[in-house]
Amino acid sequence: MKIGYPCINRSIGCTANSTFRLASYSEERIATVVKNNLSCLRKILDFNLEKGFLFFRMSSDIVPFASHPVCKFKWASVFKKELLEMGDFIKKNSMRISMHPDQFVLLNSHDKDIVSRSVDELKWHCRFLDSMRLDGSAKVQIHVGGAYGNKTEAIKRFIKIYKQLPKLISKRLVIENDDRLFNLSDCLSIHEETGIPIIFDNFHHACNGNGTSCSDALKRAASTWREKDGALMTDYSSQEPGERKGKHAEHIDIKDFSEYLRLNSSIDFDIMLEIKDKEKSAAKALAAANKKL
DNA sequence: AGTTGTCAAGCTAGT
DNA sequence: ACTAGCTTGACAACT
């Protein structure tokens, strides 16, 4: 089991997701920003190795505007050496990597331009992971998309587009159960048709799982991951006490987390902690997990 | 130096 | 009709 946190490290004093305004785009600007982002990413991975966090989500802002028409910057060739070195480090230390393109990626949109932009966005994410020579266990996660008033049709469109995706994307793409629209059973029906692995989010399942058990859901999600996909990836978060339903917690509740581990100890899975205080909660979670072993 | 409105992209649900 | 929220943070223009 590998444990980690997404995108941002609050301890080491640099960010790997620095960006800028589109209006101030220039080749010089993007070259500088990507260089700094990669250098910080490397520092974060060093930090993570030292602390034992072997799972990390790389920010989509690491190459700002990567899929925007304005961007002609050849990041993969300019930073080839750095990227390969990063990949070697990741592989040598058996780290797990994921990326999570944002809400604008909608493969099931009615609008073909939105679909086309979404595919472009997925492409660069996959190329980024390819540039580090990471295998198919490094994943790019998205949600199914919008419902557009008819979930059945929305699911059909997702399946249709998925089947047309290039191998570059399909070997990395996974779908996550969301908290309002497409729950685990929707994702499973897409999996049936496509073979796409399902990343399991316990909090979304609690919000939108028809009251079905978390452990059973986790097992079903795990069954969608093939050997080449690696272990089941999961997102873990919990409700911020006293706040709106669905709001992520600021700090991990280690008692709940330990219980979650105990209930699911029969499955091997990796955990991305979507908790606002990032590596602080990850350290507590890792300590709890190590105590179990 | 500190404050704050705004940032490429879209959808849903709640007001 | 409008906007918070989504992995949210941080850029950049303004005091």
Side-chain angles (χ1 to χ4, degrees), chain A residues 4-10 13-26 29-30 32-33 36-37 40 44 55-71 73 97-125 139-151 153-155 157-158 174-183 186 199 201-204 207-208 233-240 243-250 252 271-279 281-282:
Chain A
Y5 56 96
C7 307
I8 292 161
N9 178 297
R10 298 193 190 280
C14 71
T15 63
N17 57 325
S18 182
T19 183
F20 52 89
R21 295 291 189 260
L22 179 58
S24 50
Y25 182 94
S26 72
R29 186 78 190 261
I30 192 168
T32 310
V33 166
N36 289 337
N37 282 346
C40 182
I44 293 175
F55 190 14
F56 189 67
R57 181 186 298 164
M58 294 178 178
S59 167
S60 296
D61 279 334
I62 193 142
V63 184
F65 309 106
S67 74
H68 192 283
V70 79
C71 180
F73 183 61
I97 299 298
S98 69
M99 295 186 88
H100 193 341
D102 63 26
Q103 62 270 36
F104 307 107
V105 170
L106 295 157
L107 291 180
N108 69 353
S109 174
H110 289 287
D111 181 337
K112 65 173 175 27
D113 294 335
I114 292 176
V115 175
S116 155
R117 281 196 293 272
S118 298
V119 170
D120 288 346
E121 180 73 355
L122 291 175
K123 260 184 198 156
W124 94 255
H125 279 82
K139 295 299 189 190
V140 173
Q141 65 184 96
I142 59 170
H143 294 288
V144 177
Y148 308 92
N150 185 338
K151 261 177 69 170
E153 286 301 315
I155 286 174
R157 283 198 305 281
F158 182 94
V174 299
I175 46 172
E176 177 187 349
N177 59 308
D178 70 65
D179 59 344
R180 295 206 281 235
L181 302 172
F182 299 97
N183 61 21
D186 296 320
I199 182 162
D201 185 308
N202 76 304
F203 189 33
H204 293 165
C207 298
N208 181 21
M233 273 187 185
T234 66
D235 284 347
Y236 180 92
S237 57
S238 53
Q239 175 71 39
E240 175 70 17
E243 284 286 345
R244 174 190 59 79
K245 186 186 167 208
K247 187 168 168 75
H248 285 216
E250 185 67 34
I252 194 166
I271 306 178
M272 178 62 61
L273 292 158
E274 293 189 333
I275 308 279
K276 306 232 180 203
D277 69 2
K278 307 286 177 183
E279 73 275 12
S281 282

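So you know, we letter chains A, B, ... as the sequences are listed, proteins then strands, and number each from 1.
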Output the single nucleotide from [options] whose closest atom is nearest the side chain of [X].
X: Leu181(A); options: dT6(B), dT7(C), dA13(B); value: dA13(B)
X: Arg117(A); options: dA9(B), dT7(C), dT12(B); value: dA9(B)
X: Leu22(A); options: dA8(B), dG10(B), dG9(C); value: dA8(B)
X: Ser67(A); options: dC11(C), dT12(B), dA9(B); value: dA9(B)
X: Ser24(A); options: dA12(C), dA8(B), dG10(B); value: dA12(C)
X: His204(A); options: dA12(C), dC11(C), dT7(C); value: dT7(C)

* Tell me whether the centres of the aromatic rings in Phe55(A) and Tyr5(A) are closer together than 6.0 Å. => no

* Asked: Is the Tyr148(A)-His110(A) ring centre distance short of 6.0 angstrom?
  -> yes

* Asked: When you compare dG10(B) with dC11(C), how far apart are their P atoms, in angstrom units rounded to a whole number?
  -> 23 Å

Output the rounded distance in Å from [atom1] ([X]) to [atom2] ([N]).
X: Arg10(A); N: dA10(C); atom1: CZ; atom2: C1'; value: 12 Å
X: Glu121(A); N: dA9(B); atom1: CD; atom2: C1'; value: 8 Å
X: Phe104(A); N: dC11(B); atom1: CZ; atom2: C1'; value: 10 Å
X: Asp102(A); N: dA8(B); atom1: CG; atom2: P; value: 13 Å
X: Tyr148(A); N: dG10(B); atom1: OH; atom2: P; value: 9 Å
X: Asn202(A); N: dT7(C); atom1: CG; atom2: P; value: 13 Å
X: Leu107(A); N: dA9(B); atom1: CG; atom2: C1'; value: 14 Å
X: Asn108(A); N: dC11(B); atom1: CG; atom2: P; value: 9 Å

* Just checking, is any N or O donor in the side chain of His100(A) or Ser60(A) under 3.5 Å from an acceptor N or O on the other one? -> no

* Asked: Is there a donor in the side chain of Asp235(A) and an acceptor in the side chain of Gln141(A), or the other way round, less than 3.5 Å apart?
  -> yes

